[in-house]
K.L.:
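Supplied in structure tokens, the structure appears directly below.
In what follows, chains carry the letters A, B, and so on, assigned in the order in which the sequence lines appear, proteins first and then strands, with residues in each chain numbered from 1.
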Amino acid sequence: MRATDVAALHDSVLTWYAAHRRDLPWRAPHRTPWGVLVSEVMLQQTPVVRVLPVWERWMDAWPTPADLAAEPSGTAVREWGRLGYPRRALRLHAAATAIRDLHGGEVPSDEETLRTLPGIGDYTAAAVAAFAFGRRATVVDTNVRRVHARALTGTALPAPSLTRAEVALATSLLPQDDAEAATWSVAVMELGALVCTARAPRCGECPVAGRCAWLRAGSPAHDGPARRGQAWAGTDRQCRGTLLQVLREVDGPVPGETLRAAWPGRGAARDASHELQRDRCLDALVAEGLVEPLAGDRYRLPGT
DNA sequence: TAGCCGTGGCA
DNA sequence: TTGCCAAGGCT
């Protein structure tokens, strides 16, 4: 893109963002780097509306990494509630412990160090560096990828997995100034979340519609390989979720009998293969540290 | 690297 | 109703 086109793109999106941005608590002026980090982990594959109440509770209970690290890991898993992917809670607890023990209790500000923390990958490291510390970092999430795919590449959806070319494109669009770069990143993400949505984009409200390559091409349908749906009914994921839900909702240790009765439910679905699946999933949860086995065939969330 | 890892709302 | 999707990370 020509420099003048990039500048016009910046102006359009930043002006739109200033007028339409949501006042999310992790964007408030008094936010802390820890609050930003917690929000970014919770937001991984999880909608904002579901994160909001859990984030508020977590920040009230554990305003610093050391506060969370002082708890048993199972407490983090319990307070994670139904956000999904509960291993994130475990990793967040481990990250808090590492921050306390290895980084003087302060969230690191550079991407490289952030990436060493459990549960912090390329996206989250860049997001924390940018949004918590105002660093110039290339933030590429699913929203950014979709906006770039449409507005610049002209396709309905990005490729299944992130490519080097996409990262290079995002970097090429990043303003030189640190603070402006961070605002640009969150603005593009917000545009993707509110206007340039996956299923029914609101092109009539889009500040970039006039220069959108996808619109100009006639909004062609996605022509790549169909996206693989994630199976659910009867899968290990459902089984693990069911077992963990029992442990979350009960205070203290649960008899193995109670746990086993939760899967696969009642009636004809109960057979030997389901029991094998159930036992395999429980073993895996224990191996991953999400469940702690106790003497006398009892189980609990670790340390609780 | 492709597959796995939760959960719930919406078109 | 059901498949798709939501601020990914890990192996």
K.L.:
Would you kindly say whether A:R91 and A:Y85 are connected by a side-chain donor-acceptor distance under 3.5 Å?
P.N.:
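Judged by distance alone, the side chains do not pair up.
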
K.L.:
So which nucleotide from C:dA7, C:dG8, B:dC10 ends up closest to the side chain of A:R199?
P.N.:
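For A:R199, the side-chain atoms sit closest to B:dC10.
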
K.L.:
What's the closest nucleotide to the A:R146 side chain, out of B:dG6, C:dA6, C:dA7?
P.N.:
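For the A:R146 side chain, the nearest candidate turns out to be C:dA6.
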
K.L.:
To the nearest Å, give me how far apart CZ (A:R82) and P (B:dT7) are.
P.N.:
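One finds 6 Å between P of B:dT7 and CZ of A:R82, rounded.
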
K.L.:
Look at all strands and tell whether A:A127 reaches a base, only sugar-phosphate, or nothing, counting heavy atoms closer than 4.0 Å.
P.N.:
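Answer is nothing: A:A127 stays at 4.0 Å or more from every strand.
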
K.L.:
Where the side chain of A:L24 is concerned, which of C:dC5, C:dA7, C:dG8 is the nearest nucleotide?
P.N.:
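Among the listed nucleotides, the one closest to the side chain of A:L24 is C:dA7.
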
K.L.:
Could you check A:Y85 against A:A200 and say which one's nearest nucleotide on DNA chain B is further toward the 5' end?
P.N.:
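The residue mapped nearer the 5' terminus is A:Y85.
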
K.L.:
I need the CE-C1' distance between A:M42 and B:dT7, as an integer number of Å.
P.N.:
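Distance, rounded to whole Å: 15 Å.
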
K.L.:
Does A:D236 come within less than 4.0 Å of A:R280, counting only side-chain N to carboxylate O?
P.N.:
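Between A:R280 and A:D236 there is a salt bridge, with a charged N closer than 4.0 Å to a carboxylate O.
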
K.L.:
Take atom C1' in C:dA7 and the same atom in B:dA2, then report the distance between them in whole Å.
P.N.:
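22 Å, rounded to whole Å.
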
K.L.:
I'd like to know if the side chain of A:W26 and the backbone of A:R31 have a donor-acceptor N/O pair within less than 3.5 Å.
P.N.:
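Between the backbone of A:R31 and the side chain of A:W26 there is no qualifying donor-acceptor contact (under 3.5 Å).
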
K.L.:
Could you tell me whether a side-chain N or O of A:R88 sits under 3.5 Å from a main-chain N or O of A:G84, the two making a donor and an acceptor?
P.N.:
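Answer holds: yes.
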
K.L.:
Please give, in whole Å, the distance from B:dG6 C1' to A:L83 CG?
P.N.:
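It is 10 Å, rounded to the nearest whole Å.
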
K.L.:
Separation of A:Q45 atom CD from B:dG8 atom P, in whole Å?
P.N.:
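After rounding, the reported distance stands at 16 Å.
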
K.L.:
Between B:dG6 and C:dT11, how far is it from one P atom to the other, in whole Å?
P.N.:
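Those two atoms are separated by 14 Å.
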
K.L.:
Which listed nucleotide (C:dG8, C:dA7, B:dC5) is nearest to the side chain of A:M189?
P.N.:
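Given the options C:dG8, C:dA7, B:dC5, the side chain of A:M189 is closest to C:dA7.
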
K.L.:
Compute the ring centroids of A:W62 and A:W34, then answer whether they are less than 6.0 Å apart.
P.N.:
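Centroid distance A:W62-A:W34: not below 6.0 Å, so no.
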
K.L.:
Just checking, any donor-acceptor pair under 3.5 angstrom between side chains of A:E40 and A:Q44?
P.N.:
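Not at all, the side chains of A:E40 and A:Q44 share no donor-acceptor pair under 3.5 Å.
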
K.L.:
Among the nucleotides C:dA7, C:dA6, C:dG9, which one has an atom lying closest to any side-chain atom of A:R87?
P.N.:
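Taking heavy atoms from C-beta onward, the closest nucleotide is C:dG9.
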
K.L.:
Is there a donor-acceptor pair under 3.5 Å between the side chain of A:R300 and the backbone N or O of A:L247?
P.N.:
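Judged by distance alone, no pair lies under 3.5 Å.
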
K.L.:
Taking DNA chain B as the partner, which of residues 46-58 of chain A come within under 4.0 angstrom of it by heavy atom?
P.N.:
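Of all residues in residues 46-58 of chain A, the ones placing a heavy atom under 4.0 Å from DNA chain B are A:T46, A:R50.
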
K.L.:
What is the nucleic acid contact for A:G84, judged by heavy atoms within less than 4.0 Å: base, sugar-phosphate only, or nothing?
P.N.:
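It contacts base atoms.
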
